[in-house]
Amino acid sequence: MARPSPSSWRFLRLAYYIRRPWIVALMLVVLLCTTFIIWDRRVFFQRHEFYLITLQLQRARPKNTNEAFERKPPSVVKDEILDETTAERREKVKQAMLHAWNSYEKYAWGYDELLPLSKRGANDFGGLGATIVDSLDTLYIMGFMDQFNKARDWVAKLDFNINYEASMFETTIRVVGGLVSAYDLSNDTVFLKKAREIADRLLPAWNTPTGIPYTTVNLASGDSRSPGWTLGASVLADLATEQVEFIALSQRTGDPKYQEKVENVIKKIKEFFPQDGLVPIYVNPHTASASNRITFGAMGDSFYEYLLKVWVLGNKTQAVQHYRDMWEQSMEGLMSLIRKSTPSSYTYIAERYGSGGGYIDKMDELACFTPGMLVLGSNDGPDEKKTKYLELAKELARTCYNFYRSTPTGLAGENYNFISGQDMSVGTAWNILRPETVESLFYLWRKTGDTKYRDWGWDIFQAFEARSRVDTGYVGLRDVRSGEKDDKMQSFFLAETLKYLYLLFSPSSVIPLDQWVFNTEAHPIKIVQRDGGAPGSSEDFVKQQIHRKQRLGRLGGDSNIARQ
């Protein structure tokens, strides 16, 4: 076999390259260029992945009505083409919103709420422009962009340094919730900035020995207290209905203080959480002891709602599993409050005094949020529980719908008494344009596709149009039996009632429930993953997703998120 000549080995000798430095330089240039190309492509793919995941978290302003939402949701029913009747109904609701907004803009701009019959504004929330902030997301979802942009410009100048004793609960659900939702929908940072400003002024309410907040806080001084009529106790629904808004705020700002304050409240409640999961409505912020009535109506309602919704907001991860566990426990307690009327067998939720007290055969219209909550909770868990929750939701919705149908005006009273042999009778007779029944019909429609829920919602809307609409807006009724009108257009009529009606007659791809969760004021908040530990901003979340995919070797242009 031939052997290579000695000259063939010259390329392996160091002396060869010492005498020819230009070859060494050329090799170094090639090596550096190759390294740079590989690094540049990796960075490109990372940035591309960052962009794709960011698309999941941010929404561009729509060019026309609902452009931002008309996508096929991955785990909801397929997109629905509206039939002519449903499309007409949705348009009627939009026109009702426009009438309400235009009336407010004409007679009460900048005030909290409109007094339609007096044709002037009223400041029951310290002049925070409650109707403007509450209506932001409704305007955006319905595609009223001129009105939305005018409201945005007003909010940008809003100063929260007001000598006003603010309800910590109402300010959170209306103002903080409305601003965070507007940010999630529009990606306009002015809303996030303002949400943080008002949240910072609410934080002193949590400065108690137990961390359970007081009911009111002065927005200028930070002085906080609970009302005298509760003997210094805080109200359950007030102290435990900030979790969705404040956790979302921490996620978007990267500042953990908001989440820490509200999650400490749940930890404290967990320490005395009763076996049946039913917590009395008065909780002492100094001793963390609970007393008095148990109800799913006024002063108790949204505590149970938020146990479930924080779990949904956290994308149902282990970090928030204790919320779902507490909610399941409370639903077992709810079953002990369920009663049937005679002779028509209407299902209702009774109230109870304390842990071993007597029962009260009364149900608030406020408790009509419960069917919707049960529907949302029926999406997970064992089949037998899912079936039980859904069937109870249907029964309770029938009762709530008949709250409306049983009165001469077609509008529901504030609460109802149940007397053996007489079914339901109006207790407190006013109607202030509340949304809870329509809210539950919306959830039931999304879950079942049964058209009767749309028909029931249409009946309720027509009653509002017939009895509450006036030339200068919408008013409530002082008595649903006589039809006597009051003189206020509640901000939640625009924020909740009309929004849920609009969504009831919209495709399920408009605000899909696997991507959004509604706070108790119907403000949709974007669902963001939680893996435990300190909260992070949306950018932190994106970085976590990229890191996870790097470990799985999935960096590249083909993304499941991009296909959703």
Side-chain angles (χ1 to χ4, degrees), residues 54 57-59 128 130 133-134 136-137 140 152 155-156 158 160-161 166-207 211 213 217 219 222 224 238-267 302 305-307 309-315 317 319-320 323 495 515-542 544:
T54 302
L57 300 174
Q58 298 177 345
R59 300 282 190 169
L128 298 177
V133 181
D134 238 357
L136 285 166
D137 49 12
Y140 193 95
R152 180 259 181 217
V155 168
L158 183 55
F160 297 116
N161 186 23
S167 164
M168 190 262 298
F169 164 73
E170 295 289 357
T171 308
T172 297
I173 66 172
R174 299 184 195 225
V175 182
V176 180
L179 292 170
V180 171
S181 180
Y183 169 72
D184 280 359
L185 290 166
S186 69
N187 198 34
D188 190 330
T189 55
V190 71
F191 298 121
L192 187 61
K193 176 177 178 287
K194 289 298 177 181
R196 191 166 193 172
E197 286 179 13
I198 185 62
D200 285 343
R201 292 187 178 275
L202 295 176
L203 285 179
W206 278 268
N207 295 336
V217 56
L219 295 181
S224 306
D238 289 6
L239 64 92
T241 310
E242 293 78 32
Q243 284 67 28
V244 168
E245 297 84 358
F246 276 66
I247 292 171
L249 189 57
S250 278
Q251 289 175 327
R252 284 142 185 79
T253 63
D255 190 335
K257 66 183 178 183
Y258 309 107
Q259 178 174 318
E260 289 170 354
K261 290 286 188 183
V262 297
E263 294 214 307
N264 180 64
V265 174
I266 300 302
K267 291 176 184 176
S302 47
E305 176 187 358
Y306 270 35
L307 289 179
K309 287 186 173 179
V310 173
W311 178 73
V312 174
L313 177 69
N315 211 18
T317 55
V320 287
Y323 284 94
Q515 298 175 31
W516 301 84
V517 62
F518 290 93
N519 85 333
T520 197
E521 190 78 2
H523 297 307
I525 308 293
K526 199 77 170 70
I527 295 171
V528 176
Q529 177 87 16
R530 272 184 63 180
D531 294 322
S537 66
S538 297
E539 183 176 347
D540 293 331
F541 170 58
V542 172
Q544 291 171 10

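Just so it is clear, the model here is predicted, and its values are computed rather than measured.
- Here the side chain of Ser250 pairs a donor or acceptor atom with the backbone of Asp255 at under 3.5 angstrom.
- Remark: side-chain polar atoms of Asn315 are not paired, donor with acceptor, to backbone N or O of Thr317 under 3.5 angstrom.
- No donor-acceptor distance shorter than 3.5 angstrom exists from the side chain of Ser181 to the backbone of Gly177, with no hydrogens or angles considered.
- The salt bridge (Lys or Arg N to Asp or Glu O under 4.0 Å) test with Asp200 singles out one residue from Lys257, Lys261, Lys194, and that residue is Lys257.
- Contact annotation: the side chain of Leu203 approaches that of Phe246 to within less than 4.5 Å [non-hydrogen atoms, C-beta and beyond].
- Side chain of Lys309 to main chain of Val244: no donor-acceptor pair is present (N/O by atom type, distance under 3.5 Å, no hydrogens or angles).
- A donor-acceptor contact shorter than 3.5 Å is absent between the side chain of Arg174 and the backbone of Ala130.
- Side-chain contact between Thr241 and Thr172: absent, with no pair of heavy atoms (C-beta onward) separated by less than 4.5 Å.
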Side chain to side chain contact (heavy atoms under 4.5 Å, CB included) between Glu245 and Tyr306, worked out: CA-CA 10 Å; Glu245 297 84 358; Tyr306 270 35; 2.6 Å; yes

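- Between Pro524 and Asp137 there is a side-chain heavy-atom pair separated by less than 4.5 Å.
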Please evaluate residues Glu197 and Lys193 with respect to the criterion salt bridge (Lys or Arg N to Asp or Glu O under 4.0 Å), reporting the C-alpha separation (whole Å), side-chain torsions for both, the decisive distance (0.1 Å), and the verdict. CA-CA 6 Å; Glu197 286 179 13; Lys193 176 177 178 287; 2.8 Å; yes

Between Tyr258 and Gln251, is the side-chain hydrogen bond (donor to acceptor under 3.5 Å, both in side chains) condition met? List the steps. CA-CA 9 Å; Tyr258 309 107; Gln251 289 175 327; over 6 Å; no

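- When all heavy atoms of Val310 and Val320 are compared, the closest pair comes out as O-CG1, 4.0 Å.
- At a cut-off of 3.5 Å, with distance as the only test, a side-chain donor of Thr520 or Glu305 sits close to an acceptor on the other residue.
- Interatomic distance, Trp206 CH2 to Leu239 CG, rounded to the nearest 0.5 Å: 9.5 Å.
- Contact record, Ala166 with Thr171: CB-OG1, 3.6 Å, taken as the closest heavy-atom pair.
- Residues Glu263 and Gln243 form no side-chain contact, since every pair of their non-hydrogen atoms from C-beta on lies 4.5 Å or further apart.
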